[in-house]
S.K.: 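Pasting a structure here, questions to come.
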Amino acid sequence: MRPAEILIAFATPYLLAWMAMLVVQRQSVVSPAVAPQVAAENALGRLAPAQRRGLLLYSVPELLFCVSAVIIAIAWQPAGLNGAVLRWGLAGMALVRFSLSWPMWQDLASGKVAAIAGPLRKIQFQQRRALATEDGPIMVLPVDRTLFAAHEAGQQATIYYVPHSKRVVAVLPANSPAEV
């Protein structure tokens with residue numbers, strides 16, 4: 001068992017997840033324009049199918065990491081006790097990463113959305129962006145750059161998000177004709 005072999009086995013899942021993350025970050029998963037049927041589903045407290053697919057797209061890097069780490073742990077057969085420990089360590093890393101994304105899986109399974117309403121507050125620190133409301137519960141919800149840029153600070157809006165992972169799935173301005 002050579003150090004290069006160990007490095008390749010442990011670095012491959014990270015490399016695959018990082019490449020997938022770069023692709024997902026460039027995608028606009030949540031559309032700034034909310035379709036009337038999506039707004040109606042959200043008003044009823046349900047996640048629309050397009051929003052469910054978007055949440056699944058967000059979790060692709062974690063899935064890719066977990067699946068590739070488990071496949072490598074099963075297929076890789078280093079000799080000796082140290083080899084078994086390394087394989088269990090790789091599988092354990094996959095289990096930990098999967099458990100960290102557990103709130104997303106709970107949101108996908110439940111299919112529920114929650115909402116907060118009020119004047120929008122935009123928060124940005126370096127490349128991270130979030131939306132919140134000026135009044136109401138103190139909750140900062142991360143969003144992608146297109147959704148962040150689509151709405152003005154201080155504008156009355158309803159922010160729909162999934163309750164466990166706190167991902168924003170829609171922002172509906174108060175003057176929107178799609179609001180139900």
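Atom set for the values below is all heavy atoms of this structure, side chains included, hydrogens, waters and symmetry mates excluded.
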S.K.: Sequence neighbours excluded and cut-off under 3.5 Å, please list the side-chain donor-acceptor pairs for residues 52-59, or say none.
M.R.:
| unit_1 | atom_1 | unit_2 | atom_2 | d |
| --- | --- | --- | --- | --- |
| Arg52 | NH1 | Leu108 | O | 2.2 |
| Ser59 | OG | Leu56 | O | 2.8 |

S.K.: Please confirm whether the backbone N or O of Val140 pairs with a side-chain atom of Arg121, one donor and one acceptor, at under 3.5 Å?
M.R.: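 Checking the backbone N and O of Val140 against the side chain of Arg121, no donor-acceptor pair under 3.5 Å is found.
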S.K.: I'd like to know whether Met139 forms a side chain to side chain contact (heavy atoms under 4.5 Å, CB included) with Ile159, so could you lay out the CA-CA distance, the side-chain angles of the two residues, the decisive distance to 0.1 Å, and finally the verdict.
M.R.: CA-CA 11 Å; Met139 189 175 305; Ile159 303 172; over 6 Å; no
S.K.: Could you tell me whether a side-chain N or O of Gln77 sits under 3.5 Å from a main-chain N or O of Ile74, the two making a donor and an acceptor?
M.R.: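 Yes, Gln77 side chain to Ile74 backbone: donor-acceptor pair under 3.5 Å.
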S.K.: For Leu16, what are the other residues in its hydrophobic cluster, where any two members join if their side-chain heavy atoms are less than 4.5 angstrom apart?
M.R.: Leu15, Trp18, Met19, Met21, Leu22, Leu64
S.K.: According to salt bridge (charged side-chain N to carboxylate O under 4.0 Å, His left out), does anything in residues 85-104 pair up with another residue at least two apart or in another chain? List the pairs.
M.R.: Glu62-Arg97
S.K.: Which atom pair, heavy atoms only, marks the closest approach of Lys122 to Ala149?
M.R.: NZ-CA, 4.3 Å
S.K.: Is it true that atom CD of Glu152 has more than 12 heavy atoms of other residues, nucleotides or ligands lying nearer than 6.0 Å?
M.R.: no
S.K.: Do Tyr160 and Val34 come within less than 4.5 Å of each other through their side chains, counting heavy atoms only?
M.R.: no
S.K.: Which pair of heavy atoms, one from Pro119 and one from Gly154, lies closest together, and at what distance?
M.R.: CB-O, 3.7 Å
S.K.: In the hydrophobic clustering (ILVMFWY, side-chain contacts below 4.5 Å, transitive), which residues join Val23, or is it alone?
M.R.: none
S.K.: Return each pair, listed once, that meets salt bridge (charged side-chain N to carboxylate O under 4.0 Å, His left out) where at least one residue sits in residues 6-21; pairs must be two or more places apart or across chains.
M.R.: none
S.K.: Tell me who clusters with Phe125, hydrophobic residues only, linked when side chains sit under 4.5 Å apart either directly or through other members.
M.R.: none
S.K.: Quick one: hydrophobic cluster around Leu95, which other residues, with the 4.5 Å side-chain cut-off, linked directly or via members?
M.R.: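 Grouped by the 4.5 Å side-chain rule, Leu95 forms a cluster of one, so the answer is none.
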S.K.: Could you grab the distance from atom OG1 of Thr158 to atom CD1 of Ile116, nearest 0.5 Å is fine?
M.R.: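 So the gap between those two atoms works out to 9.5 Å.
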S.K.: Can you see which heavy atom on Pro103 is nearest to which on His164, and at what distance?
M.R.: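 In terms of heavy atoms, the two residues are closest at O-CB, 3.5 Å.
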S.K.: Write out all pairs satisfying ring pair (Phe, Tyr, Trp, His ring centres under 6.0 Å) with one or both partners inside residues 89-120, taking only residues at least two apart or from two chains.
M.R.: Phe98-Trp105
S.K.: According to a hydrophobic-cluster definition based on side-chain heavy atoms being under 4.5 Å apart (Ile, Leu, Val, Met, Phe, Trp, Tyr only), do Ile123 and Phe148 belong together?
M.R.: no
S.K.: So, for Ile72 and Ala9, which heavy atoms are closest and what is the spacing to 0.1 Å?
M.R.: CD1-O, 3.8 Å
S.K.: Is the number of heavy atoms from other residues, nucleotides or ligands within 6.0 Å of CD (Gln124) greater than 12?
M.R.: yes
S.K.: If you measure from CZ on Arg129 to CZ on Arg145, what distance do you get to the nearest 0.5 Å?
M.R.: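 If we round to the nearest 0.5 Å, Arg129:CZ and Arg145:CZ are 7.0 Å apart.
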S.K.: Which residues pass the ring pair (Phe, Tyr, Trp, His ring centres under 6.0 Å) test with Phe65, sequence neighbours left out?
M.R.: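 With sequence neighbours excluded, Phe65 shows a ring pair (Phe, Tyr, Trp, His ring centres under 6.0 Å) to Tyr14, given in chain and number order.
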S.K.: Can you see which heavy atom on Pro78 is nearest to which on Gly83, and at what distance?
M.R.: CG-CA, 3.4 Å
S.K.: Please step through side chain to side chain contact (heavy atoms under 4.5 Å, CB included) for the pair Ile6 and Trp76, ending with a clear verdict.
M.R.: CA-CA 10 Å; Ile6 297 169; Trp76 184 37; 4.1 Å; yes
S.K.: Would you check, one step at a time, whether the test side chain to side chain contact (heavy atoms under 4.5 Å, CB included) holds for Val30 with Val143?
M.R.: CA-CA 9 Å; Val30 178; Val143 294; over 6 Å; no
S.K.: Scan the side chains in residues 165-173 for donor-acceptor partners under 3.5 Å anywhere in the protein, sequence neighbours excluded, and list what turns up.
M.R.:
| unit_1 | atom_1 | unit_2 | atom_2 | d |
| --- | --- | --- | --- | --- |
| Ser165 | OG | Asp107 | OD2 | 2.6 |
| Lys166 | NZ | Pro163 | O | 2.6 |

S.K.: How would you list all residue pairs meeting salt bridge (charged side-chain N to carboxylate O under 4.0 Å, His left out) that involve residues 16-42, not counting sequence neighbours?
M.R.: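 Output for this query lists Glu41-Arg46.
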S.K.: Between Cys66 and Ala94, what is the shortest heavy-atom contact and its length?
M.R.: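 Shortest heavy-atom separation between Cys66 and Ala94 comes out as SG-O, 3.3 Å.
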S.K.: I'd like to check the side chain to side chain donor-acceptor pair (under 3.5 Å) partners of Thr146; sequence neighbours left out, ordered by chain and number.
M.R.: Ser28, Asp144
